[in-house]
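These notes concern the structure reproduced below.
All values below come from the heavy atoms of this structure, side chains included, with hydrogens, waters and symmetry mates left out. Quick caveat: nothing in here was measured; it's all calculated off a predicted structure. Lettering of chains follows the sequences in order, A, B, ..., and the numbering in each one begins at 1.
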Amino acid sequence: MLRQMEKVGLQYLQPDGTLTPEGEVAWKPIERPLKIEFYRWMCKIRLFDQRAVILQRQGRIGTYAPLQGQEAAQVGSALALNREDWVFPSYREHGVAMIAGMPLKQILLYWMGRVEGCRPPEGIKLFPPAVPIATQIPHAAGAAWASKLKGEQSVAVAYFGDGATSEGDFHEGLNFAGVFRLPVIFFCQNNQYAISVPFSRQTATETVAEKAAAYAIRGVRVDGNDVLAIYTVMKEAVERARSGEGATLIEAVTYRHGAHTTADDAGRYRKQEETREWVELRDPLTRYRRLLESEGLWSEAEERDWEAHCKQEIEEAVREAESAEVPPSSHLFAHVFADLPPSLVRQRESLFRLEEG
Amino acid sequence: MAQLTLIQAINDAMRIALERDPSVVILGEDVGKNGGVFRATEGLWKRFGDDRVIDTPLAEAGIVGTAIGMAVNGLRPIVEIQFLGFSYPGFEQIVSHAARLRTRTQGMFPATMVIRAPYGGGIRAPELHSDSTEALFVHTPGLKVVVPSTPYDAKGLLLASISDPDPVLFLEPMKLYRSVREEVPETAYEVPIGQARVVREGEDVTLLAWGAMVPVAIAAADEWAEKGVSCEVIDVRSLYPLDEETLVTSVKKTGRAVIVHEAPRTAGVGAELAAMLQEQAFLWLEAPIARVTGYDVPVPMFALEDAFRPDVKRVSEAVRQVIAF
Ligand SMILES: Cc1ncc(C[n+]2csc(CCOP(=O)(O)OP(=O)(O)O)c2C)c(N)n1
């Protein structure tokens, strides 16, 4: 059996908001604005997420995958990246996407079933969410490989859940990374369930991190609700990757507070006490806010202002997304090929005629 | 008899199979405690336990591959693939192994199993959840592919698939899971694989459809009936093997055919049907066979789903064309 500490992974910030001795060391060199930014992002992402769940209930967006509870893992890791780095998310990484530079409006469009929501602004190396599980993992290895072959400094990150580690693509991606010593980071948010299936049904090993050994890459297990530890571990992995030391598999141990998606009922497979413990005792925001407040970096008033600011920004995004021009049906054909083959031109014409007639 | 939805009928068939044959097992993602994401296996895990209704790791190649091993070693696995669009990681196992084992082992180790998968659009599902790629599997020799469109057929076809000695891909139109109820016998019965169902008889045009397109074809037939045109509607139901006789007989009677499917057009199952009818009923045809299908584009995210999926308007237009030819 793992000891409690190993179960949770590396921890710098304890649930009561105090730093461990290693945490003190990691905390000191971080610049004050970044310390505040960690919290601001977590807060904004949570507000967005809560709003999105309500929008789904109101029928204004489609099925949505909530991330509440996983903010620290997403914020800590994404803030350790630069603009030149590649990000390959799954469908739950709205937080990562926002930090990478995806406008909120686009994220909403995606969940409104609009393909425009897949496309990031120019210059942002963010892939559309991977919907088939684990398929983005080899993509990240490939992008990292290209960077290496081109002699560039950028790294690539694949985000995925614990369930994804059971798919062949996970193992193949890690193996390539090991064999070719690629500058890639495999970031697993082990939120302990793949829909209803618990982590113990995905693997007989006690951790995801230890799987790294089989591919001769580095593996780290970290408390996924500890934004400071996540940031530090990720920063280190990025630096190692940039300096040619190869790939890292990071396992962030966390929990999703809500259901898998808005179409799922988590009450069928999770005990209330378990969820309550994670929500009430191990929440990533509460813990970090305690630290900030104790250091005099955050106050009740700042909290109110920031919340108000975020809510306004989110409402603005909702308005923009809802009033975004609806593309005509012929948009189906817009980007299927660079040049539309004649048969598709004919199909598009038949659709035009149908719409007119 | 009870009034069941299509998904309840599927559940009922699996309950019967588990009850009467101890070698039947169900395996897949979320099929146990959760009862399946669509609730197809609701209650079965409680009743039959963890060794019969098995929550697996998230690994389609692993699920299909181990099911093949189970099958050759005496079990009768029913695999649930959560959505047809997620069968692709397991595609290799289906195509290279499940489908060919009987041939490769000259009958020694057939992969006797059922692969169930929800498929098709119409429920505003997220990206990549609404594929209709039945043609990939119909094109694979050694596999049987069936698609029920009513609760009665769902139960009987699934029981037939489970007792079938060959691997059967059992496709479940998500759109119809809960949209209709009908009387379904409580007892076990089989709807034979390889037989089409004549939904309604008609004289002027034959409409061929399967899955969620059957109600669309019926609605189009209703529309034309008001204008005095009588459509014969056939639920193809078994895409492989195909009930050529029923289809050909109908087209010889009406002289006109419209094939409706949700999948993209090119090399879709509709192309095969049209070729077969052309070969066997050419002299009876009064007009070229028409196809109403999805376009040759990736199944769109749901905002444009309605433009992609054939609807009554498109089917009616095709009927008009074959009549006016
Ligand atoms: C290849 C594939 N199989 C099945 C699914 C259906 N599915 C969607 S999410 C999910 C669970 C994923 O769990 P995990 O990888 O732990 O990520 P999490 O949702 O917990 O973030 C499943 C089974 C899918 N999307 N892709």
Q. Would a 4.5 Å heavy-atom cut-off, applied to side chains only, mark B:Ile54 and A:Arg201 as touching?
A. yes
Q) Around atom CZ of B:Phe86, are there more than 12 heavy atoms of other residues, nucleotides or ligands at under 6.0 Å? A) yes
Q. Based on non-hydrogen pairs under 4.5 Å, which of B:Arg124, B:Arg39, B:Lys313 is most in contact with chain A?
A. B:Arg39
Q) Counting heavy-atom pairs under 4.5 Å to chain B, which of A:Ile195, A:Val336, A:Asp264, A:Leu354 comes out on top? A) A:Ile195
Q: Over all heavy atoms of both residues, which pair between A:His331 and B:Leu304 is shortest? Give the atoms and the distance, please.
A: CB-CD1, 3.9 Å
Q. How long is the gap from OG on A:Ser343 to CZ on B:Arg265, to the nearest 0.5 Å?
A. 9.5 Å
Q: Below 4.5 Å from any heavy atom of chain B, which atoms of A:Leu351 appear? Answer side chain, backbone, both or neither.
A: both
(Q) Can you tell me which portion of A:Pro328 sits under 4.5 Å from chain B's heavy atoms? Options are side chain, backbone, both or neither. (A) backbone
Q. Hey, what do you get for CZ (A:Arg346) to CG (B:Asp296), rounding to the nearest 0.5 Å?
A. 10.5 Å
Q. If every non-hydrogen atom of B:Pro57 is compared with every non-hydrogen atom of A:Ser166, which pair is closest and at what distance?
A. CB-OG, 3.6 Å
(Q) Would you say CG of B:Asp51 has more than 12 non-hydrogen atoms from neighbouring residues, nucleotides or ligands within 6.0 angstrom? (A) no
**Q.** Part of B:Gln82 within contact of chain A (heavy atom distance under 4.5 Å)
**A.** side chain
Q) For the atom pair CD (A:Gln202) and OG1 (B:Thr56), what is the distance rounded to the nearest 0.5 Å? A) 8.0 Å
Q | Non-hydrogen atoms of B:Asn34 and A:Tyr269 that approach each other most closely | A | OD1-CD2, 3.6 Å
Q | Proximal component of B:Leu128, with respect to chain A [non-hydrogen, under 4.5 Å] | A | side chain
Q: Consider only side-chain N and O atoms of B:Glu127 and A:Tyr110, and report whether a donor and an acceptor are under 3.5 Å apart.
A: yes
Q: Report the option among B:Glu29, B:Lys33, B:His129 that has the most heavy-atom pairs separated by less than 4.5 Å from atoms of chain A.
A: B:Lys33
Q | Under 4.5 Å from any heavy atom of chain B - which part of A:Leu344 | A | side chain
Q: Sort A:His260 into side chain, backbone, both or neither according to what part of it lies under 4.5 angstrom from a heavy atom of chain B.
A: neither
Q | Part of B:Tyr295 lying under 4.5 Å from any heavy atom of chain A | A | both
Q.
I'd like to know whether NZ of A:Lys271 has more than 12 heavy-atom contacts from other residues, nucleotides or ligands below 6.0 angstrom.
A. no
Q: May I have the step-by-step check of salt bridge (Lys or Arg N to Asp or Glu O under 4.0 Å) for B:Glu42 and A:Arg268, ending in yes or no?
A: CA-CA 11 Å; B:Glu42 177 91 58; A:Arg268 284 178 163 250; 3.1 Å; yes
Q: Give, as side chain, backbone, both or neither, the part of B:Glu305 having an atom under 4.5 angstrom from any heavy atom of chain A.
A: neither
Q.
Please report the interatomic distance CD(A:Glu167) to CD(B:Glu60), rounded to the nearest 0.5 Å.
A. 4.5 Å
Q. Would you find more than 12 non-hydrogen atoms of other residues, nucleotides or ligands less than 6.0 Å from A:His171 atom NE2?
A. yes
Q | A:Ala194 to B:Leu58 - nearest heavy-atom pair and separation | A | CB-CD1, 4.1 Å
Q: Verify the neighbour count for atom CZ of A:Arg119: are there more than 12 heavy atoms of other residues, nucleotides or ligands below 6.0 Å?
A: no
Q. Does atom CD of A:Gln58 have more than 12 heavy-atom neighbours, drawn from other residues, nucleotides or ligands, at distances under 6.0 Å?
A. yes
Q | From OG (A:Ser350) to CD (B:Glu317), nearest 0.5 Å | A | 10.0 Å
